[in-house]
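Numbers restart at 1 for each chain; the letters A, B, ... are given by sequence-line order, proteins then strands.
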Protein chains: 2
Amino acid sequence: MLLYLQSNLFIMKSLLSNLKISVPDKIYLKDPESSKLGKRIIEHSILLIDKIGFDSFTFKKLGVEIGSNESSIYRYFESKHKLLVYLTSWYWAWIEYQMVFTTFNVQEPKEKLLKAIEVVTETIEQDDSFSHINEVLLNKIIIDESSKSYLTKEVDNENKDGYFIVYKRMIKRLRNMILEVNSDYKFASSLASTIVEGALHQHFLKEHFTSITDCNDNISPSEFFKDLTINAITN
Amino acid sequence: MLLYLQSNLFIMKSLLSNLKISVPDKIYLKDPESSKLGKRIIEHSILLIDKIGFDSFTFKKLGVEIGSNESSIYRYFESKHKLLVYLTSWYWAWIEYQMVFTTFNVQEPKEKLLKAIEVVTETIEQDDSFSHINEVLLNKIIIDESSKSYLTKEVDNENKDGYFIVYKRMIKRLRNMILEVNSDYKFASSLASTIVEGALHQHFLKEHFTSITDCNDNISPSEFFKDLTINAITN
DNA sequence: GCAAATATAATAGCATTACTATCAACCTTA
DNA sequence: TAAGGTTGATAGTAATGCTATTATATTTGC
């Protein structure tokens, strides 16, 4: 199955190189995909946030990193918060694409669901379709920082403005696959959101709080959540 | 069972009024429980963080709120981050106490586990044992802000210094109760940590992202996690 | 009841942050 | 070649996250 997944990934990557991951345009002032500087902002923001953490990250420091001016970065994003929202949206849109592609031709609902869970919970492998984006580091940022994008006093307004649609849409797809296996299951949405956030959390724990997780180099969060899901919905 | 739980709570509260919730002393410079000002700092930090959010919260604003000086607050806590770590430790120690007390005399492992899950996942009711602490608001803060206490570049050092032992100890108790029901279950630690963080997350979703949760006024996160746990570990 | 010790308040100061504004330079492309 | 848009440089501002110093209360121990 791993081999199958990998060859799938190969086909998908060649497809993706002609595609643009679509992020809601309210998030940015100017589309960073539309210019060289914009791409450098995305590329180096990922490197810098991974290096010093989102809390210490500033546009001034990013400016130094890309040999550009702070004020130029402000022309793309209103604030570092919006940049984080952009990065998380991009990430989930990319995961969503992989999820849809990987499960598209799978008939058996259970097999389909398990593949989808794998896509959202597995450790990320480098994808070279988007040369300026380091997906491995972006995944680390999602694990360490993404919850800060919605744990704010402005969530409800930003949610109304569509900042989190990609994330919610991806979770709804997962919920639907759960319901395809068992349409009587009462908690499909909660299970889907628990799988996604829970997997990020288990990845965090295996790096920092090893005593309260079973996940490590041998047991992956993916394994745990596949077992959990199957037991929860099939009886 | 609800009645039984409530009478238990009554006995527990009278007990608690003679007890002090113990928080690791590395977290503070001066024990806020040791003075009137210290207690005012805790009391009003809960009110103010709930009101304006942790990101906008500053010691200067808190000083205004309690009619005291910024520099006086700095004598109790090095930073607002440490104050958050203090509040979360206090909260989990309080939950841990309720968990131990509520399950103490319960013989049947499954019943014991279900009661423990209820304690960690249910919406909090006001507890008047600690007059300066509003547990309902503190619970809201835990839902909205607690992950910021460990999602930092300093986690590993702070973890070594024991900042998170209360939290980890509470999760280990829950893991042990899972193992008492089924000692062969392979993911007891991951399940315990998923229940605790997952419940906070579901509480957040039912307030802000209702489309990706099944939880609402009729279905509680507690119900979901009890069902999930039983299906996961019994077969 | 008074002195000593301790806690708190007031003020100032400082580097950094998170921006905004202005203007100049440059680079396209019609 | 003029016009429009993009980027860079510089400056400025209010707020943040502290530290330091000194003065004033308050508690306590004798």
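As a whole-Å value, the separation of A:Ile66 CD1 from D:dT7 P is 10 Å. Rounded to an integer number of Å, the gap from B:Leu62 CG to D:dC18 P is 14 Å. If you measure from atom CG of B:Leu83 to atom C1' of D:dC18, you get 15 Å, rounded to the nearest angstrom.
Relative orientation of the B:Phe59 and B:Tyr74 rings is perpendicular, given thresholds of 30° and 60° on the angle between their planes. Between B:Trp92 and B:Tyr167, the ring-plane angle classifies as tilted under the 30° and 60° cut-offs. A:Tyr150 and A:Phe164 have perpendicular rings, their planes meeting at more than 60° on a 0 to 90° scale where under 30° would count as parallel. Under the 30°/60° scheme for interplanar angles, the aromatic rings of A:Phe209 and A:Phe204 are found to stand perpendicular.
Between the side chain of B:Ser146 and the main chain of B:Ile143, no donor-acceptor pair closer than 3.5 Å is present. At distances below 3.5 Å, at least one donor-acceptor pair connects side-chain atoms of A:Ser193 with backbone N or O atoms of A:Ser190.
Listed by residue number, there are no residues of residues 147-163 of chain A with a heavy-atom contact under 4.0 Å to DNA chain C.
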Treat primed atoms plus P, OP1 and OP2 as sugar-phosphate and everything else as base, then score nucleotides 7-19 of chain C 5' to 3': B for base contact with protein heavy atoms under 4.0 Å, S for sugar-phosphate contact only, - for none. SBBBB-----SSB

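The side-chain contact (heavy atoms from CB on, under 4.5 Å) test applied to A:Thr58 returns A:Lys60, A:Lys61, not counting sequence neighbours.
Of all non-hydrogen atoms in B:Leu84 and B:Glu145, the two that sit nearest each other are CD2-O, 3.8 Å.
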